[in-house]
Amino acid sequence: MTSGISYDVAHLLGAVVLLISFALLVEQRVIALISTFAAQGVVLSLAALWEGWSHNIHHLYLSAAIIFTVKAMIIPMTLNFLVGAMKVHHHETDPGLGVGGALAIGISLVVLSIVSIFPIAPAVTVLTKESLALAFSVLLHGMLMMVTRRNAISQLIGFMSIENGLLMAAIGVQGMPLAVEVSIAFTVLVAAFIFGIFIFGIRDRVETLDIHQLDLYRGERH
Amino acid sequence: MSLIGSSIGLLLLLGLLALIAGHCQRATVFVYAASAAAAAIIAYLALSYLIMGSIGNEIVSYPIGLPWLRVQLGIDSLSAFFLFVVNLGAVAASVFGIGYDKNDGHGSHGTGRFLPLFPLFLAGMNIVLVASDAFTFLLGWEFMSLSSWLLVLSTHREEGTSRAANIYLVMAGFGTAALLLAFGLLAAGNGDITFAAMRAVPLSPLMASVVFGLVLIGAGSKAGLVPLHVWLPLAHPAAPSHVSALMSGVMTKVAIYGLIRIVFDLVGQPLWWWGMIVLVLGGITAVLGVLQAMMQRDLKSMLAYSTVENIGIITIGLGLTLAFQANGMKALAALAMTAALFHVLNHAIFKSLLFLGVGCVLTATHQRDMEKMGGLIHKMPITAAAFLVGCIAISGLPPMNGFVSEWLTFQAILNGSDLVQWPVRVAVPVVGALLALAVALAAGAFVRTYGVVFLGRARSSHASDAVEVSFSMKASVAVLALLCLVIGVLPTSVLSLISPLISQFVGVPLQVGSGLSWLTLTSETDGGGSYNGVVLLVMVLAFMAGLIYTMHSFGNRTSRRSIPWGCGFTDDPGPVSQYTASSFAQPIRRVFGASLFSARDHVDMPKPGETRAAVFRVTMRDPVWDWVFTPLLGSIGALTDKINILQSLTIRHYLGLMLATLVVLIGVVAAIQ
Amino acid sequence: MPTLSSVLLEILQLILMLVLAPLLVGWVRWLKARLLARRGPPILQPYRDFFRLCGKEVVMAHNASWLYRSAPYLVFVFVWTAAALVPTFTTDLALSPAFDLIAVVGLLGTARFMTALAGMDVGTSFGGIGSSREMLIAALAEPAMLMVIFILGIVVHSTALPDIANAMMSGTLGLRVSFAMALFAILLVAIAENGRIPIDNPATHLELTMVHEAMVLEYSGRHLALIEAAGMLRLTLYIALICSIFVSFGMATPGAGAGAILVGLALVPVKLAVGGAMVAIFETSIAKMRVFRYPEFLAMAFLMGLLGVILLYISRGW
Amino acid sequence: MLAVPLITGALAALIPNRRLGSGINVLGSMGTLAAAAWLLWTPPVASALVFVDDLNIYLVLLTAFIGFTTTLYSTGYMAHEVSHGHLTGSDVRMFHSLFQLFMFTMLLGLTANNLGLMWVAIEAATLATAPLVNLYRSEAAIEAAVKYFILCGVGISMALFGIILVYLAAQPHLGSGMITLTWTDLYSKFAGLGGGVNQRILELAFVFLLIGYGTKTGLAPVHAWLPDAHTEGPTPVSAVLSGLLLNVSLYAILRYKMLLAANGDTLVPAALMIALGLVSLLVAGLMLYRRRDIKRFYAYSSVEHMGIATFAFGIGGPIANFAGLLHMAMHSLTKSALFFTVGHMSQIKGTRQIAAIKGLVVSNPALGWALVLGMVMIAGLPPSGIFVSEFLIVTSTVAHSPWLVVPLLLGLLIALGAFILRLQGLAFGAPTPAVEGKAPFATTALAPVYLHLGLVVVAGLWLPGQITAWFQAAAKLLG
């Protein structure tokens with residue numbers, strides 16, 4: 001029965017990650033987005049932990065730890081700091097698509113990912129397929145978020161949500177080497193770093209965090 | 001053959017030399033002289049090949065080109081004939097170039113930088129002619145376009161050159177693309193791009209027709225076949241005159257070579273309706289070309305349009321050849337192909353002559369506008385005489401060479417009634433009428449040109465201050481003029497150059513009349529039509545001598561000069577009262593131009609008492625531009641504007657695009673699976 | 001190689017054309033005057049004019065070049081050469097095998113080319129008008145002429161004039177509608193090429209109506225004599241040409257005896273006289289056209305020719 | 001070889017002196033080139049992390065070579081920018097060190113045997129060049145850098161997802177662990193199994209990899225970062241972005257295509273590559289017409305040429321693959337040369353606006369003719385290597401599927417039209433006034449240009465046997 005329980009728990013955790021990504025899609029306040037993102041990190045690290053425990057893969061513990069520290073703690077804290085440093089108002093919103101639109105498109109993306117992932121692999125276990133499909137959905141949601149949001153911080157969160165999707169896929173596939181997670185973590189760190197620089201750079205120059213303002217400087221508009 | 005290869009190599013080396021020492025006057029002279037020598041060697045070798053049927057090794061191979069297909073240069077009778085034609089023009093142009101004043105009416109300095117391209121251009125044309133695989137052929141073909149494009153650009157500071165050059169190279173690229181596709185289809189059987197392999201591949205009629213269409217587009221655009229001729233009247237005049245001579249007189253022949261090489265050699269048995277298409281296109285080209293030529297004020301544009309006309313005449317011959325060959329009428333096919341090839345040679349000679357003559361005029365007057373000339377026959381007698389010969393020849397009048405090839409073409413047309421398929425049978429007389437119209441209009445156009453430029457009185461100080469040009473320039477036009485006469489008088493001598501080629505492609509040689517008197521050109525063995533240049537020349541000379549003697553012995557020999565009849569003016573009304581080029585063309589413009597080119601005369605006549613000058617203006621529109629190219633360019637422009645939106649989207653839009661691409665591709669893959 | 005008799009006949013032909021041409025023109029002028037109820041000049045007046053002009057001093061424009069001076073000779077020689085090729089009384093001419101109908105048209109073309117150039121050489125407005133219109137007329141006439149040649153080419157399978165005349169005389173071709181069309185076309189062409197009414201009026205010197213006369217307006221003395229003689233020769237040539245094709249009876253064939261040749265010779269003036277009379281009658285009964293109606297006139301000729309070709313195709317089965 | 005740029009980069013970061021820094025930069029690149037050349041004589045040793053075979057050896061050489069010429073060029077360029085106050089000394093220092101870092105990532109990406117490592121290297125290349133794009137710190141540069149970073153970052157995540165899918169497919173056969181991401185092992189296993197691996201997963205993976213690496217390759221419609229990054233960055237950076245980065249990411253796509261081909265017959269990679277290649281070619285070709293900024297013009301031309309190369313690999317077969325490889329090399333050489341001329345030109349004329357520059361062959365003959373030569377070459381006219389590659393691509397496409405030739409030729413013609421139009425405007429006509437008559441560093445600026453173009457001309461007429469052998473072997477590997 002362990003396999004049954006392990007399946008159920010993994011299933012549950014994966015679904016929660018997806019749900020949180022829906023929450024990310026519809027959440028409008030920037031500050032709240034950061035907290036939601038942190039929650040996603042926590043659930044993801046739990047998923048990694050569970051996967052490692054149920055399949056007895058030790059390096060996944062390490063992965064879980066990295067995910068927890070980076071995604072659930074360091075990055076949200078950094079972002080909160082940024083928000084504070086740049087005096088972003090607590091009620092500043094970034095509406096994106098609106099609840100209805102975000103949900104409609106989000107659900108169709110989930111359908112797409114299931115339709116595309118499920119038929120491909122009769123040989124692979126159901127769990128792998130499912131976690132892949134969920135991961136793909138999270139990834140697509142991250143992209144959707146980047147497409148619809150204007151605020152630099154919400155964009156950054158969308159970007160990292162994509163990374164979360166990737167992590168989820170890496171965890172879901174058995175025996176993915178550690179190098180991958182480390183590299184992801186590494187990338188995300190640097191990403192945050194660079195983003196921070198850009199955000200400050202943007203702020204220095206443009207006096208706003210609204211990415212939309214940058215569009216004024218895109219090349220050869222006329 | 002290896003000598004030909006070396007000569008081409010020499011031309012390439014000369015290009016490099018000129019690149020290094022382009023500024024030095026001596027180097028210029030040397031480069032032109034050496035180009036002339038190299039071209040002369042090739043022409044000599046080609047001639048000896050045609051006469052003797054062999055010049056040693058027919059194929060040489062060089063360690064360049066594609067890794068698995070080294071460049072091979074080969075010669076056969078077709079190559080040899082065109083090598084002769086091309087290098088004949090090249091020698092004349094090179095000799096002319098020695099003396100060609102840098103300040104040739106283009107007002108450009110720094111032409112020295114463009115000098116390297118002259119031998120490279122010659123090399124490019126020669127490479128096309130001796131290529132024995134598609135890669136080398138297209139390499140030479142593009143090289144030829146490219147170097148001539150840069151030569152056109154040597155006058156880049158002039159208004160209009162840039163547009164001309166741009167249209168030229170894009171059209172050339174278009175033509176090359178069509179040829180590339182044609183070669184690809186020819187080779188598709190086994191992927192082997194040597195001509196030998198292509199000959200061996202049998203094509204289905206459909207595939208052969210597609211190849212034929214592509215070649216017609218590819219070679220036709222280079223040759224200047226309507227409606228792909230639009231670049232030609234822009235580009236040819238823009239180049240320096242000796243380059244114009246090469247482009248018009250010679251490069252168009254390379255295009256004809258391409259057409260013959262692929263359609264007659266590589267594709268195989270033609271279908272009858274190919275002949276029909278080529279024939280009709282040729283007729284239309286001839287008439288449209290000459291009508292436009294009639295209406296040009298710019299000397300070089302006029303000659304360029306006349307090239308379009310002559311390409312039409314050549315094409316008519318080729319179309320008839322195809323039609324006859326498709327019906328298995330070998331003797332008539334031989335006649336028609338002889339006509340076409342003869343005209344190739346003739347046009348190369350007299351068009352080079354005319355362009356070089358215009359080069360002389362430009363050197364002397366620094367003008368291209370006919371309306372500013374006049375009376376040059378007094379200032380430049382030798383140029384004027386040579387140019388007159390060219391005008392008679394290009395108008396297709398005896399005793400010059402142009403008449404001979406047009407006569408042959410008419411003979412071929414008159415036999416077109418024997419064809420089997422009724423559409424061609426109806427087309428043949430109509431095309432014949434078009435050809436007759438074109439030839440007669442050409443005579444009108446050249447009367448106009450010669451009359452306005454060389455005859456009458458000088459219309460500007462440019463013309464009245466003109467002086468005769470340098471020796472090398474005079475020499476090259478004089479020699480070409482002599483050639484026009486010699487070929488016109490002894491046409492049968494040229495036939496012996498063409499007959500090996502005819503035997504190779506048609507299967508039977510042209511049957512020169514045997515039962516008839518010496519040196520008579522006949523269309524068939526048993527009579528048919530006939531023309532004898534020698535008899536004509538002898539008669540004309542004898543009658544002239546007799547006549548002059550008679551008139552001067554028995555008539556009044558005195559003469560005096562006076563002012564001409566001025567329609568009631570007692571004072572000399574001056575040169576402005578002369579008929580101008582525009583007024584000469586006016587009847588033709590009213591008759592043909594009004595409907596074909598929407599030609600309109602606009603007269604702005606001041607009211608009595610007003611002191612301003614009256615203004616006369618002619619507007620013309622080219623139907624090909626209006627119907628084909630302007631809409632095409634417009635739609636590309638509109639498409640460009642639409643797609644340009646992609647340049648300035650926001651980051652989020654781009655991400656959306658990425659997402660959409662992902663979704664679409666996944667959908668596609670799912671569909672494939 | 002040409003036989004001796006054909007050489008002799010050729011020389012006879014050359015002289016005959018030269019002699020008959022002014023006579024023909026004199027006859028046409030006299031007849032026209034009579035038709036207009038005038039007395040008219042004597043028929044031999046053209047000869048007198050010719051010799052009178054030859055005796056006069058030449059007056060040339062200051063600007064006239066060597067081309068202007070040599071043009072009359074060249075024009076005369078080319079037209080005369082062409083005239084020597086058209087069978088009139090015999091088809092056995094020494095030069096005929098050397099030149100066919102197209103070559104004859106070409107020779108006349110060269111003559112016209114030189115005339116037109118000469119018209120532009122003096123640098124006045126009249127010469128230009130004349131040259132310009134002359135070249136327009138020639139261009140319009142040429143397709144119609146080709147149609148005539150095409151019809152003959154289909155039937156006779158040759159463009160050689162003796163072949164055509166022989167074939168027509170043989171009577172094997174029968175009467176065909178196409179020939180009527182061809183005759184009609186070539187008549188219109190001949191009118192246009194010779195500058196007769198309604199295309200041009202050889203008698204006018206009114207500036208705006210001149211075509212041929214405008215080109216040669218500045219010529220005088222012996223030059224004018226040659227130009228006029230060439231014009232007469234050309235008219236004779238065309239009438240002879242039409243006769244040799246369409247009313248070719250009575251001509252001597254190669255190898256025919258002296259009697260046949262004499263019959264042929266006797267018939268030539270008769271044919272020319274009838275042709276000339278027709279010209280005179282036609283000219284007096286019609287008015288000159290505006291320049292821009294020429295295209296209609298000659299297009300009619302061309303269409304007749306084309307119709308003839310197509311009818312011929314039909315009659316022979318596609 | 002890999003160590004040299006890394007050390008040089010560190011050194012360059014440490015040394016404050018600008019002249020010394022650029023000297024070290026040049027020396028380092030020379031060392032890299034020498035090390036790469038040394039590879040030729042040492043038999044390739046495959047380890048789990050790095051390996052060398054016929055496909056990447058030529059790209060390594062090319063990369064090292066262009067890196068070297070670019071550093072040569074950048075000495076003069078950077079000196080000019082500093083002396084005109086566009087950049088500060090510390091900017092140049094950053095440039096040198098990041099440039100060497102970029103070279104390191106490129107070479108690592110090319111030689112990596114581990115798919116993860118390759119991914120990391122390519123991602124790191126983005127990170128190294130994003131600050132370089134932003135070197136001038138103008139608003140437009142920030143926008144370009146942000147766009148570059150975000151689009152490539154998202155793109156590369158797609159690629160990672162693809163890698164995970166590849167792993168998923170291979171895992172049942174190779175087991176877990178690093179070996180399953182080692183390319184050589186994967187390849188031999190796939191080839192050995194002969195179709196045993198789940199092809200549908202691989203095909204799906206290829207979609208992600210194509211979009212991911214395709215973003216970096218600059219394939220339309222995911223090319224959007226490319227024009228801006230090329231335009232706003234300093235010219236040496238534009239040259240290496242266009243000449244090297246695009247190649248390396250296309251190389252990455254090829255590696256996966258080889259895996260799929262080894263596993264068995266599949267239409268998907270070919271179809272997708274052909275489609276994206278054609279779209280890139282046509283979109284970029286049309287884009288060229290409305291360009292006002294000369295560097296952006298060239299950037300779109302890069303998109304176009306990457307499209308052509310991708311198309312060629314999509315067609316497949318020994319000749320088209322050969323042509324694709326040749327096209328990549330020729331495009332790199334020509335395009336970097338063109339960027340050099342453009343940088344030089346904009347420094348002399350003080351503008352990058354196409355409309356504001358005319359008559360270069362008159363005012364600056366050496367530069368103007370280099371531009372003419374380069375533009376003619378890139379437009380695919382002979383005697384250029386690009387002519388050869390395009391010829392081969394078209395002829396092999398005709399043999400493969402004739403109808404594809406029509407859009408291909410159409411795209412080539414459209415691009416040709418744009419090139420000729422712009423070239424004539426820039427090079428000919430009456431010259432426009434220059435900010436400075438003659439740039440003091442003409443030699444270092446133009447020597448690399450003529451060197452590159454000379455190589456392209458030679459390649460257009462004659463390819464050395466060794467290079468042909470590499471290309472043919474690699475073409476065979478590509479299937």
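Throughout, protein chains are lettered first and strands after them, A, B, ... in sequence-line order, and every chain is numbered starting at 1.
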Is a side-chain donor or acceptor of D/Arg290 paired with a backbone partner of B/Gly637 at a separation under 3.5 angstrom?
yes
Please give me the minimum heavy-atom distance between B/Gly184 and D/Val398, naming the atom from each residue.
C-CG1, 3.3 Å
Among D/Leu392, D/Val406, D/Leu412, D/Leu463, which residue forms the greatest number of heavy-atom pairs with chain B at distances under 4.5 Å?
D/Leu392
Under 4.5 Å from a heavy atom of chain B, the part of D/Thr215 involved:
side chain
Is B/Phe135 close to chain D through its backbone or its side chain, or both, or neither, when contacts mean heavy atoms under 4.5 Å?
both
Given that the side chain runs from C-beta out, which part of B/Trp149 has a heavy atom under 4.5 Å from chain D: side chain, backbone, both or neither?
side chain
Considering only heavy atoms, which portion of B/Phe143 lies under 4.5 Å from any heavy atom of chain D: side chain, backbone, both, or neither?
both
Turns out that what part of B/Leu646 lies under 4.5 Å from chain D's heavy atoms comes down to both
Top residue by heavy-atom pair count (under 4.5 Å) with chain B, among D/Leu413, D/Leu282, D/Thr395?
D/Leu413
How many angstroms lie between atom OG1 of B/Thr640 and atom CG of D/Leu288, to the nearest 0.5 angstrom?
9.5 Å
Residue pair D/Lys147 / B/Thr650, side-chain heavy-atom distance below 4.5 Å
no
Smallest separation among heavy atoms of B/His156 and D/Gly429, with atom names
ND1-N, 2.7 Å
Among the listed options B/Val170, B/Leu639, B/Asn166, the residue most often paired with chain D at heavy-atom distances under 4.5 Å:
B/Asn166
Just give me the residue among D/Leu421, D/Thr468, D/Ile414 that pairs up with chain B most often, heavy atom to heavy atom, under 4.5 Å.
D/Leu421
Select one option (side chain, backbone, both, neither) describing which atoms of D/Pro227 are under 4.5 Å from chain B's heavy atoms.
side chain
Correct closest heavy-atom pair for B/Ile651 and D/Glu143 would be CG1-OE2, 4.3 Å
Rounding to 0.5 Å, atoms OG1 (B/Thr176) and CG (D/Leu381) come to a distance of 8.0 Å
Go through the atoms of D/Tyr300 and report whether side chain, backbone, both or neither lie under 4.5 Å from a heavy atom of chain B.
side chain
What is the distance from atom CZ of D/Phe428 to atom CG of B/Leu153, rounded to the nearest 0.5 Å?
4.5 Å
I'd like to know if the side chain of B/Glu142 and the backbone of D/Pro382 have a donor-acceptor N/O pair within less than 3.5 Å.
no
Proximity breakdown for D/Leu151 and chain B, heavy-atom pairs closer than 4.5 Å:
both
Please flag which part of D/Leu423 lies under 4.5 Å from any non-hydrogen atom of chain B: side chain, backbone, both or neither.
side chain
For B/Val71 and D/Leu461: C-alpha separation, side-chain torsions, deciding distance, then whether side chain to side chain contact (heavy atoms under 4.5 Å, CB included) applies.
CA-CA 9 Å; B/Val71 165; D/Leu461 296 173; over 6 Å; no
D/Leu210, D/Val376, D/Leu267: which one forms the most heavy-atom pairs within less than 4.5 Å of chain B?
D/Val376
Do the side-chain N and O atoms of B/Asn644 and D/Arg291 include a donor-acceptor pair separated by under 3.5 angstrom?
yes
Can you tell which of D/Phe471, D/Trp462, D/Trp225, D/Phe206 has the highest number of heavy-atom pairs within less than 4.5 Å of chain B?
D/Trp462
Less than 4.5 Å to any heavy atom of chain B: does that hold for the side chain of D/Phe419, its backbone, both, or neither?
neither
Structural part of D/Leu408 lying under 4.5 Å from a heavy atom of chain B
neither
One should read off an interatomic distance between B/Arg652 CZ and D/Ile150 CD1, to the nearest 0.5 angstrom, of 11.0 Å
Is it the case that more than 12 heavy atoms not belonging to B/Leu632 sit under 6.0 Å from its CG atom?
yes
For D/Val283, which atoms come within 4.5 Å of any heavy atom of chain B: side chain, backbone, both, or neither?
both
Please determine, among D/Gly214, D/Ala220, D/Ala399, D/Pro221, the option with the most heavy-atom pairs under 4.5 Å with chain B.
D/Pro221
Segment of B/Ile643 engaging chain D (4.5 angstrom heavy-atom cut-off)
both
Ignoring hydrogens, what is the shortest heavy-atom contact between D/Gln424 and B/Ala165? Give both atom names and the distance.
OE1-CB, 3.1 Å
Counting only heavy atoms closer than 4.5 Å, note whether D/Ile211 contacts chain B via side chain, backbone, both or neither.
side chain
Counting only heavy atoms closer than 4.5 Å, note whether D/Val222 contacts chain B via side chain, backbone, both or neither.
side chain
Mind checking the CZ-CG spacing from D/Phe208 to B/Leu662? Nearest 0.5 Å is all I need.
5.0 Å
Between CE of D/Met158 and CG of B/Leu659, what distance do you get to the nearest 0.5 Å?
7.5 Å
